[in-house]
Amino acid sequence: MSNLYRKKILILFSLCLVYAGFLTWKLSADSITLGGKEGWSKLSLRKGVTEGTGRFGYTCIELATNARTDDRNTDALVDFEKRPFSERTGNYSVGTDLLGITTESVMGKGAALGRGRGGMLLKGRAGSVFGTEGPTGSFYIEFWLAPSLSENGEVVFDWRSSRNMQLNVSDSRKNSILYQMITGVFNKNHIEWTFTNVFDGCPEEDIVISGMKNIVPDVWSHHAVSYDEESGRLEYRVDGQLEAVEYVTSTGHESGTVYSLYLGVPADIDLCPLYTGKIDDFRIQRGTYDAALLEESEEASGLGYSKFLTSGGRIETQPLQTSMGTSIDSVSAVMNEPPQTAIMLYVRSGDNFFNWTDAYPEWKPVKNGAKITDIRGLYFQVAADLYPDGDGNTTPSLTQLVINYTKELEPLPPFKIKAVPGDGSVTLTWSYSVDESAGSYLVYYGTRSGEYLGRTALQGPSPVNAGNTTSITITGLKNGTIYYFAVSAGSKFDTRINGQLSQEVYARPFAAGE
């Protein structure tokens with residue numbers, strides 16, 4: 001091999017190294033971290049999620065439990081999240097309260113703890129189901145329970161009152177007091193519900209319905225007892241399964257005359273007065289339980305007794321700003337996905353987030369850690385959908401998100417710039433930028449130092465695109481007025497990328513002969 005050929009190879013190799021170095025210099029890899037030790041303060045949306053403890057002890061995002069919420073049909077809701085316990089709708093006030101609190105909850109972060117020596121009194125205000133004398137309409141009572149004991153006589157729910165009855169005896173009206181009671185009491189490892197003298201016109205004094213499923217100590221189960229005023233159907237469900245049903249009608253079937261549920265003198269609800277164990281999310285709801293299940297099914301939110309919403313939850317980051325021409329390379333997540341659960345990741349980007357909507361720009365699904373090739377912009381946003389297992393009993397968790405991106409560096413401004421005044425004009429000259437990525441130059445002008453807001457030049461408002469040249473004459477300026485100028489370089493790879501301003505120069509136009 002000749003010396004000349006060797007020299008050519010060496011020169012070509014050196015040029016390749018220089019070009020590779022130039023590319024490395026102009027493209028800068030960076031990342032943004034959410035979660036982990038950085039926390040989750042940059043989230044703009046948290047739907048159906050909460051914070052828990054994830055990998056390495058850091059705060060994670062996980063599904064919020066299917067805790068009850070109050071709406072226009074909610075008569076009472078006590079969620080036991082924190083002391084002192086309160087009823088959230090304002091329809092009831094809390095009287096005596098001997099329940100404790102525990103973090104071993106099934107819904108939310110807290111639950112109540114019964115110690116077998118007194119519970120909580122709920123005093124209904126006028127207009128509430130148990131604070132108003134008269135027919136109740138359709139309603140249901142539901143709660144979660146995890147008893148420490150399931151011995152006979154443990155009382156979960158107790159309401160006792162009376163009703164003044166008027167009887168015709170020998171053509172004279174006389175008053176009679178009818179004692180009323182609704183109780184939920186443990187009997188042979190089941191909960192037995194007794195309704196005494198509360199059904200108007202019913203010849204039977206007591207209507208009793210009892211569950212069939214054994215209540216297992218220290219295991220959470222969901223309980224719902226409901227009454228439908230249209231059909232007279234009284235039913236009891238455990239974990240969503242129908243345990244018992246009675247038709248409180250003249251025939252004992254759906255076709256008979258309904259005996260409506262009628263409550264007498266307003267009296268307190270005694271919750272867990274003789275109960276040892278945990279209770280969570282006690283709620284009284286107007287309407288029928290079947291209608292509520294249908295509504296939840298239509299909303300894809302799952303059955304009322306699932307621990308997590310089967311529709312899952314979602315987080316979205318704030319629009320995160322980088323620089324023009326930034327490309328997202330990958331999204332890496334530290335997460336835990338138990339069997340049947342899933343976490344789906346999405347990214348979108350654009351140059352102006354002010355016109356973004358829920359659907360625009362389009363969210364694009366990405367795989368954890370996989371290379372991304374087609375997402376670029378000044379702003380980008382990351383989202384994650386979290387889904388529980390099929391039964392809604394297990395949640396995935398997301399501990400950290402790392403968004404890796406590459407940005408094109410802004411070209412350097414011209415090093416030297418000179419301004420020469422003329423008649424109603426200023427001629428600017430500068431040297432080419434030492435930055436090989438510079439492909440054009442923008443001239444900024446104005447009448448205040450550092451404020452380049454000029455609009456009067458014949459070349460147009462500030463900044464004026466001078467193209468890939470080293471001089472321009474700005475005309476249409478006012479003689480005697482001082483003008484300030486600066487020049488920046490634009491990228492020849494991406495016209496949206498504009499570098500920093502050069503040093504400032506100034507000049508005062510004047511008429512010839514002045």
Side-chain angles (χ1 to χ4, degrees), residues 46-52 62-115 118-125 128-131 139-148 156-159 184 219-226 237-240 268-273 275 277-287 289 292-293 295-296 299 301-311 313 388 392-393 395:
R46 300 169 184 248
K47 182 179 179 182
V49 299
T50 188
E51 293 186 353
E62 61 187 18
L63 289 173
T65 53
N66 191 12
R68 292 301 182 253
T69 58
D70 56 301
D71 56 33
R72 59 185 179 85
N73 293 321
T74 305
D75 185 65
L77 175 59
V78 186
D79 56 16
F80 305 109
E81 288 298 290
K82 61 182 179 180
R83 298 285 292 172
F85 296 141
S86 62
E87 194 282 311
R88 286 175 47 175
T89 70
N91 294 329
Y92 293 77
S93 61
V94 175
T96 303
D97 180 11
L98 299 177
L99 296 176
I101 188 170
T102 176
T103 57
E104 297 177 3
S105 60
V106 64
M107 294 296 174
K109 301 295 185 182
L113 184 63
R115 302 184 177 94
M120 170 190 288
L121 291 181
L122 291 174
K123 300 177 180 292
R125 296 190 170 94
S128 65
V129 171
F130 288 91
F139 75 99
Y140 60 91
I141 301 168
E142 64 168 346
F143 51 84
W144 286 83
L145 212 63
S148 299
V156 179
F157 184 94
D158 189 34
W159 178 84
V219 175
W220 285 105
S221 55
H222 181 263
H223 301 259
V225 58
S226 65
R237 293 175 182 262
V238 179
D239 289 338
D268 298 344
I269 296 171
D270 201 351
L271 193 61
C272 301
Y275 168 74
K278 299 183 285 288
I279 185 171
D280 205 356
D281 276 18
F282 173 84
R283 185 170 73 157
I284 303 172
Q285 192 82 352
R286 295 185 184 274
Y289 193 71
L293 287 178
E295 182 179 352
E296 288 177 348
E299 294 176 353
S301 61
L303 295 175
Y305 60 89
S306 61
K307 185 172 183 180
F308 302 102
L309 293 175
T310 56
S311 57
N393 292 324
T395 177

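Heads up: numbering here begins at 1 and tracks the sequence. Quick caveat: nothing in here was measured; it's all calculated off a predicted structure.
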> Under 4.0 Å between a Lys/Arg side-chain N and an Asp/Glu carboxylate O for R68 and D281?
Replying inline: no

>> Once rounded to the nearest 0.5 Å, what's the spacing between atom OG of S148 and atom OH of Y275?
In response: 6.5 Å

> So how far is it from M120 CE to L99 CG, rounded to the nearest 0.5 Å?
Replying inline: 5.0 Å

>> Between the side chains of D97 and R83, is the shortest nitrogen-to-carboxylate-oxygen separation below 4.0 Å, so that they form an ion pair?
In response: yes

> Is there a donor-acceptor pair closer than 3.5 Å between any side-chain N or O of S86 and the backbone N or O of R88?
Replying inline: no

> Can you tell me if D75 uses its side chain to pair, donor with acceptor, with the backbone of Q285 under 3.5 Å?
Replying inline: no

>> Could you report the tightest heavy-atom contact between F282 and I141, atom names first, then the distance?
In response: CE1-CG2, 3.6 Å

> What are the two closest heavy atoms between S221 and V238, and how far apart are they?
Replying inline: CB-CG1, 4.3 Å

>> Looking at every non-hydrogen atom in both residues, tell me the closest pair between L63 and G313 and how far apart they are.
In response: CD2-N, 3.2 Å

>> Apply side-chain contact (heavy atoms from CB on, under 4.5 Å) to residues D79 and F85 and explain how you reach the verdict.
In response: CA-CA 8 Å; D79 56 16; F85 296 141; over 6 Å; no

>> Please find the pair of heavy atoms, one from Y289 and one from A224, that lie closest to each other, and give the distance.
In response: CE1-CB, 3.8 Å

>> Would you compute the distance between atom CD1 of I279 and atom OG of S105 and round it to the nearest 0.5 angstrom?
In response: 13.5 Å

>> Quick check for you: to the nearest 0.5 Å, what is the distance between N73 atom CG and T89 atom OG1?
In response: 12.0 Å

>> Do W159 and I269 have side chains that approach each other closer than 4.5 Å (heavy atoms only, starting at C-beta)?
In response: yes

> Just wondering, do N91 and R125 contact through their side chains at under 4.5 Å, heavy atoms?
Replying inline: no

> For the atom pair CE (M107) and CD (E81), what is the distance rounded to the nearest 0.5 Å?
Replying inline: 11.0 Å

>> Any side-chain to backbone donor/acceptor pair from T74 onto A76? Under 3.5 Å, distance only.
In response: no

>> Please find the pair of heavy atoms, one from G287 and one from Y140, that lie closest to each other, and give the distance.
In response: O-CD2, 3.5 Å

>> Would W220 and D280 count as a side-chain contact (heavy atoms from CB on, under 4.5 Å) here? Give the steps.
In response: CA-CA 9 Å; W220 285 105; D280 205 356; 3.8 Å; yes

> Thinking salt bridges, do R237 and E142 make one under a 4.0 Å N-O criterion?
Replying inline: no

>> Pair F80, K109 - check side-chain contact (heavy atoms from CB on, under 4.5 Å), show working.
In response: CA-CA 9 Å; F80 305 109; K109 301 295 185 182; over 6 Å; no

>> For a quick test of reading the model, state the closest non-hydrogen atom pair linking L77 to R283 and the distance between them.
In response: CD1-CB, 3.9 Å

>> Using a 3.5 Å distance criterion without hydrogens, assess whether the side chain of T65 forms a donor-acceptor pair with backbone atoms of G108.
In response: yes

>> Between F130 and I284, is the side-chain contact (heavy atoms from CB on, under 4.5 Å) condition met? List the steps.
In response: CA-CA 10 Å; F130 288 91; I284 303 172; 3.9 Å; yes

> Just how far is it from atom CZ of F157 to atom CG of L122, taken to the nearest 0.5 Å?
Replying inline: 8.5 Å

> Do E87 side-chain atoms and Y92 backbone N/O form a donor-acceptor pair below 3.5 Å?
Replying inline: yes

> Does K278 reach the side chain of T102, with side-chain heavy atoms less than 4.5 Å apart?
Replying inline: yes

